[in-house]
Amino acid sequence: MTHVFETMGTVVSIQPAIRIAEIEAVFADYDSRFSLYRADSEISRIADGSLLLTDASAELRDAYSRSIEWRSLTGGAFTPHRPDGVIDLSGIVKALAIAAAGQLLDASGDWIVNAGGDVLTSGHPTTVGIVDPSDRTQLLTSIRLDGSRRAVATSGSAERGDHIWGRGEFTQVTVVADSIIDADVLATAIIAGGVDTLNAATSKWDIDVLAIDLEGNLFATPGFTAAIADSLAH
Amino acid sequence: MRARAIFLSTAGSIAVLFLGIEIGNAVAAPPTTSGTGSTNSSGSTSGGSSGSASSGGTSSTGSGALKDGSYSGDEAQTPFGPVQVKVTVSGGKITNVAPLELTTYGGRSVQISNYAAPIIRSEVLKAQSVNVSNISGATYTTEAYLSSMQSALDKAKA
């Protein structure tokens with residue numbers, strides 16, 4: 001059984017359909033606090049100057065400080081600041097919500113949360129498809145998660161809502177990691193920072209990456225290539 | 001061009017490592033570089049090494065075949081700290097190249113061999129038709145979800 005619901009301008013699927021109300025509430029809470037599409041959200045009130053960042057909720061200040069930390073770790077490739085100065089935490093909020101949902105589901109056997117194409121699992125072996133950015137009705141490939149990794153996140157250069165300003169070197173980047181926050185933030189950072197960020201990220205973090213450049217060339221870490229090969233055996 | 005840029009940056013790192021190996025081996029080392037580095041020939045065979053690419057195609061040149069044994073290369077400086085590798089020669093060929101130490105960054109060990117390298121599209125496309133449980137892609141809108149593959153999967157499991 002799968003439960004599907006809309007939130008954050010996208011769609012979330014939960015398998016199996018357990019703790020539905022609590023999980024929907026987690027996403028709704030993040031959305032109401034962090035959505036720049038809602039004029040009454042806390043982040044919108046900071047953007048319009050009616051609320052000072054220092055007076056914001058602990059949750060918002062925590063998300064902001066995490067984003068600043070990621071900005072430092074990624075050499076500025078990931079940033080919570082739009083060019084016009086508005087604080088935009090959408091690059092990390094969905095991952096925070098997925099992680100919170102995962103905490104609710106832990107100790108409930110095997111489960112998978114897929115929020116708008118970002119996937120977190122309980123850690124059981126499973127096979128995840130990767131969308132072809134040139135034809136989103138097709139799979140580019142698929143990877144086997146052998147149980148040692150839990151999170152797969154994909155970012156695109158034309159991604160809705162995530163406000164990626166990049167060097168335009170990659171059209172799509174998929175990151176496999178232990179944490180959905182690492183995976184999502186680093187996928188966004190590599191789209192924004194290009195090859196330099198890709199090489200820095202694969203050296204600094206224990207992640208696997210598949211990146212597609214403007215000409216359709218593919219680049220993969222050894223672990224990602226192995227996961228593709230492994231998916232053929234299942 | 002991009003493929004080349006990534007490949008070259010990766011190749012550059014590997015070249016640094018192999019330069020160290022060559023010096024350590026004192027095989028085909030030009031006179032200008034002889035005498036540098038600390039060759040550590042233990043003669044032991046490889047054991048317990050992991051995580052590094054093995055090297056084929058490094059054939060001996062000139063008079064000397066490679067002598068069996070294990071050899072440590074010079075330490076190479078990388079943006080993430082010093083890296084040193086050990087090469088194992090067996091039957092006159094390099095059979096293994098292993099990092100003697102991995103650098104750390106923020107307390108985590110760093111795999112110097114984890115660069116994203118070009119892969120062939122046809123190899124990737126073979127893996128399209130397997131049974132997938134979920135699909136990862138750039139965030140879709142609510143409307144786009146309706147025509148997405150994830151939507152079809154969710155319906156199938158509803």
Side-chain angles (χ1 to χ4, degrees), chain A residues 1-2 4 6 9-11 13 15 94 112 114 116-119 126-131 133 136-143 152-156 158-162 169 172 174 195 198-199 202-206 209 211 213-223 225 228 231-232 234, chain B residues 1-7 9-10 13 51 53 78-81 103-106 108-121 123-158:
Chain A
M1 282 286 290
T2 300
V4 178
E6 294 181 29
T10 188
V11 176
S13 312
Q15 305 157 36
K94 185 167 57 144
I112 297 180
N114 185 344
D118 292 339
V119 179
T126 190
T127 303
V128 174
I130 311 293
V131 162
R136 298 193 59 168
T137 66
Q138 299 293 319
L139 285 184
L140 177 70
T141 190
S142 55
I143 52 170
V152 183
T154 299
S155 284
E159 194 162 335
R160 167 214 64 90
D162 280 355
E169 295 176 13
Q172 179 170 294
T174 299
V195 175
L198 170 64
N199 286 336
T202 56
S203 300
K204 273 189 197 179
W205 285 278
D206 187 16
V209 181
D213 74 8
L214 299 181
E215 291 152 16
N217 298 311
L218 304 172
F219 305 90
T221 56
T225 306
I228 290 173
S231 78
L232 289 166
H234 289 86
Chain B
M1 285 305 290
R2 186 54 48 204
R4 212 167 141 211
I6 296 186
F7 176 75
S9 65
T10 307
S13 304
T78 78
F80 307 104
T103 58
T104 60
Y105 187 95
R108 303 189 79 156
S109 67
V110 173
Q111 284 282 9
I112 56 167
S113 58
N114 197 34
Y115 280 100
I119 56 173
I120 301 166
R121 204 174 180 90
E123 289 299 306
V124 167
L125 296 177
K126 282 183 195 163
Q128 281 176 318
S129 57
V130 295
N131 291 323
V132 299
S133 65
N134 259 271
I135 293 166
S136 181
T139 308
Y140 35 73
T141 61
T142 307
E143 295 75 28
Y145 168 80
L146 296 174
S147 59
S148 72
M149 286 179 289
Q150 183 64 36
S151 169
L153 276 178
D154 288 343
K155 279 179 193 154
K157 293 176 183 172

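Convention: sequence-line order gives letters A, B, ...; per-chain numbering from 1.
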Study note, to complete from the structure: Paired with B/Arg121, the side-chain contact (heavy atoms from CB on, under 4.5 Å) test is passed by just one of A/Thr141, A/Asn217, A/Leu140, namely A/Leu140
Point to revise | Which residues share a side chain to side chain contact (heavy atoms under 4.5 Å, CB included) with A/Pro133, sequence neighbours left out | key: A/Thr171, A/Gln172, A/Ile212
Point to revise | Side chain, backbone, both or neither of A/Ala220 within contact of chain B (heavy atoms, under 4.5 Å) | key: both
Review point. Can you tell me how far CD of A/Glu6 sits from OG1 of B/Thr141, rounded to the nearest 0.5 angstrom?
Key: 10.0 Å
Exercise for review: Identify the residue among A/Asp118, A/Thr127, A/Thr126, A/Asn114 that makes a side-chain hydrogen bond (donor to acceptor under 3.5 Å, both in side chains) with B/Asn134.
Suggested key: A/Asn114
**Study point:** Donor-acceptor pair, side chain of B/Ser136 and main chain of A/Gly117, under 3.5 angstrom
**Key:** yes
Exercise for review: Kindly compute the distance separating OG1 (A/Thr221) from CG (B/Asn114), expressed to the nearest 0.5 Å.
Suggested key: 5.0 Å
Exercise for review: Give a yes or no on whether B/Ile120 atom CD1 has more than 12 heavy-atom contacts from other residues, nucleotides or ligands under 6.0 Å away.
Suggested key: no
Exercise for review: For A/Thr202 and B/Ala116, work out which heavy atoms get closest and say how close.
Suggested key: OG1-N, 4.5 Å
**Study point:** By side chain to side chain contact (heavy atoms under 4.5 Å, CB included) - contacts of B/Ser151 (at least two apart)
**Key:** B/Tyr145, B/Ser148, B/Lys155
Check your understanding: In terms of heavy-atom pairs under 4.5 Å with chain B, which of A/Val11, A/Ile112, A/Val4 leads?
Key -> A/Val11
Exercise for review: May I ask you to name which of A/Pro222, A/Gly116, A/Ala211 has the most heavy-atom pairs under 4.5 Å with chain B?
Suggested key: A/Gly116
Practice item. Drop me the distance from B/Met149's CE to A/Arg136's CZ, to the nearest 0.5 angstrom. Key: 8.5 Å
